[in-house]
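No hydrogens, no waters, no symmetry mates; every other heavy atom, side chains included, goes into these values. A quick note: this is a predicted structure, and the numbers were derived from the prediction, not measured.
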Amino acid sequence: MLGAQLATLYQAGRREEVEQACRELLAREPANSEAAHLLGALLFERGQCARALEYFERAAVQQPGNPQLQNDVGLALHAVGRPEEAMQRFRAAIALEPAFADAYCNLGAVLEHAGSDREALESLDAAIALQPQLARAHSNRGSVLHKRRELDEALRSYDRAIAINPNYAAAHARRGALLLESGQPAAALASLDRALSADPRDLFAYVNRAAALGMLGRFDEALADCQRAVMAHPTNAVAFNARASALVRLGRHEEALADYERGMALDPRYAEVHWNAGLCLLRLGRLREGFGLFEWRKRLPRPLGKRQLAGREWTGQKLLPGSTLLLYAEQGLGDTIQFCRYATLVARAGVHVLLEVPSSLRGLLTGVEGVARVVSSDEPLPHFDWWCSLLSVPSALGTTLGSIPGRTPYLRAEPSRVDLWRQRLGPKQRRLRVGLVWAGGFRPDQPELEAANRRRNIPLEQLAGLRHPQIEFYTLQKGAAAEQELADAVARRWPGPDIHDFTALIRDFADTAALVENLDLVISVDTSTAHLAGALGKPVWIVNRFDGCWRWLLARSDTPWYPTARLYRQDSSRQWDGVLTQVRTDLFELATAPD
């Protein structure tokens, strides 16, 4: 059968006939490049990329000057994880045919995956210049810009791809992912619905649609989407990771862990499923295993805690007395306050410990026992021999529930500042002094946490019922949004308690610590201030969302991290009313108790 006839059958969708004819033809004529090329294309369509590569290369040996064959070999090489060779083939195709827009587009995709974003954009721009209506090039260009956080321009590229091909599922799915990251879950849903309408098997559309539903509080629907993803892709680790994460949000942690384990088995290199499995294990109290998998955060697409420093990374090796170890902060301020206690443990081995922290924490942490020197993250680092992230120390030390260094206080406010704040607050009356924090901040390096941030925050209006004549309230709330919320409440004479506001005088966490030392109790959502109060050994009531952070474990009203803390958790209704009713009852009882 002639090559033209085979191609006609292929275009007509008669794949089985084409495959049989190609195999018969190759049995008679092993050097038939057209049959080998077409058989490779069939296998590539089915996802049998390694086999496809064999036939593409077989054909390319016979036709080394065929740019389309060089391009197809490149596609197969990329699919089997050989990106450098794939780039060589795409460049060979371009050298043979300088106007080959598809080859430029494919080269751009591989360069993006290799982390060469600038070169990827150059290649994609060349593809678009050659073929302005190449929708895939516009979509891939959007993907590179998306990764570079140039979100407005990325959105324009996705929109151009969709204008060219309104049924382009990948462009709709990527557009939905961008809108999701931008905090627009309803708009993201619309794009993801379009993606699934065009391709009902689009895995990433299902996964991101589930995430959008989760942001909207539609958790059962999110799980249903993840179920569909697993059914459509039963051997894909991404699907199992998504379903496990949906189960976590529903409080079904043992089921989630089974899915995470399945995902890790399917793809041992997939960082996100390992990281999430670690968080799940930590919630379940299996700290040694959990902290081990917690290290996978350094391999995420947007790594956490990863640094390139001089010296050697410390992962638990015995250190010689007198050597210098740098411990550096990562992630949130609360994480740094929680884990700085580990510097004391390490220093007891005779090691000189340097602690690098954000400038707002430097004054507070200068007094951590055993720390030789505290430096701000915007200062040059002094000499050190070893280095380790603060959040990696529990793994290095093999921390378990029973070995958490839970003794408090391990932080102390400066006496002079405590006296200064005592004067500012005035003479202590018989009334209870309570600090309030009702909202947390946003981490720009982790936009995926924004939905969880919103779930942990309490609208100030819902705290109106805490008003009591025997209680004085003080805001410990920093941040423009929450400060404006309080100002607006005061301006409209809300029925809640008078809340004294000294936040304009708070310069750093050392000031916050001194203010807290003058209070009887702190009531806070899960923020750095809750960690601060716990580290100071002050009574702190942590008002927590249903799907709370791993560190607070599950179904406990206490925490081994802070003996003076009490946890108030939402139930599965995810409403604050019941939680705040219990807080109000306990608070009023405390306020009216005899001295």
| query | Under the salt bridge (charged side-chain N to carboxylate O under 4.0 Å, His left out) criterion, do K538 and D520 qualify, and how do the steps go? | reply | CA-CA 8 Å; K538 295 290 289 188; D520 301 302; 5.8 Å; no
| task | Start with the C-alpha distance between E255 and R243, add both sets of side-chain angles, then the distance that settles salt bridge (charged side-chain N to carboxylate O under 4.0 Å, His left out), and finish with yes or no. | result | CA-CA 10 Å; E255 295 173 72; R243 187 169 72 177; over 6 Å; no
| salt bridge (charged side-chain N to carboxylate O under 4.0 Å, His left out) between R118 and E112, intermediate numbers included | CA-CA 8 Å; R118 183 183 58 78; E112 178 195 354; over 6 Å; no
| query | Where do E330 and S389 land on the side-chain hydrogen bond (donor to acceptor under 3.5 Å, both in side chains) test, with the steps shown first? | reply | CA-CA 7 Å; E330 64 160 290; S389 160; 2.5 Å; yes
| request: Would you check, one step at a time, whether the test side-chain contact (heavy atoms from CB on, under 4.5 Å) holds for R566 with V540? | output: CA-CA 6 Å; R566 183 188 300 182; V540 54; over 6 Å; no
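Residues R174 and N140 have side chains that bring a donor and an acceptor to within less than 3.5 angstrom of each other. A donor-acceptor pair shorter than 3.5 Å cannot be found between the side chains of N241 and D259. Donor-acceptor pairing under 3.5 Å is lacking for the side chains of S395 and S392. A donor and an acceptor atom, one from each side chain of D526 and W552, are located under 3.5 Å apart. Side-chain contact of S191 with R175: a donor-acceptor pair under 3.5 Å is present, judged by distance alone.
Under 4.0 Å is where a charged nitrogen must lie from a carboxylate oxygen, and between E181 and R149 at least one such pair does. The residues D117 and R148 are annotated as not salt-bridged, no charged nitrogen and carboxylate oxygen being separated by less than 4.0 angstrom. Ionic pairing of R545 and D547 is present here: one or more N-O contacts between side-chain nitrogen and carboxylate oxygen are shorter than 4.0 angstrom. A salt bridge between E295 and R297 is present, with a side-chain N of the basic residue lying under 4.0 Å from a carboxylate O of the acidic one. The existence of a salt bridge linking D385 and R312 is excluded, since no basic side-chain nitrogen approaches an acidic carboxylate oxygen closer than 4.0 Å. A salt bridge links E356 to R307: one of the charged nitrogens lies within less than 4.0 Å of a carboxylate oxygen.
Every ring pair (Phe, Tyr, Trp, His ring centres under 6.0 Å) that W541 has, sequence neighbours left out, goes to Y568. Checked against ring pair (Phe, Tyr, Trp, His ring centres under 6.0 Å), F509 has no partners two or more places apart in sequence or in another chain.
In this pair, Y342 and F339 present their aromatic rings parallel. The plane angle is below 30°, not in the 30 to 60° band. The aromatic rings of W550 and W561 sit perpendicular, their planes meeting at an angle over 60°, well past the 30° parallel limit.
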Distance-only donor-acceptor hits, side chain of residues 512-519, under 3.5 Å, sequence neighbours excluded:
unit_1	atom_1	unit_2	atom_2	d
T512	OG1	D508	O	3.4
N518	ND2	V418	O	3.2
N518	ND2	A514	O	2.9

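Ring centroid separation for the pair Y260 and H274 does not come in under the 6.0 Å cut-off.
Geometrically, R262 engages F240 in a cation-pi contact, judged by NZ or CZ lying under 6.0 Å from the ring centre and within 45° of the ring axis.
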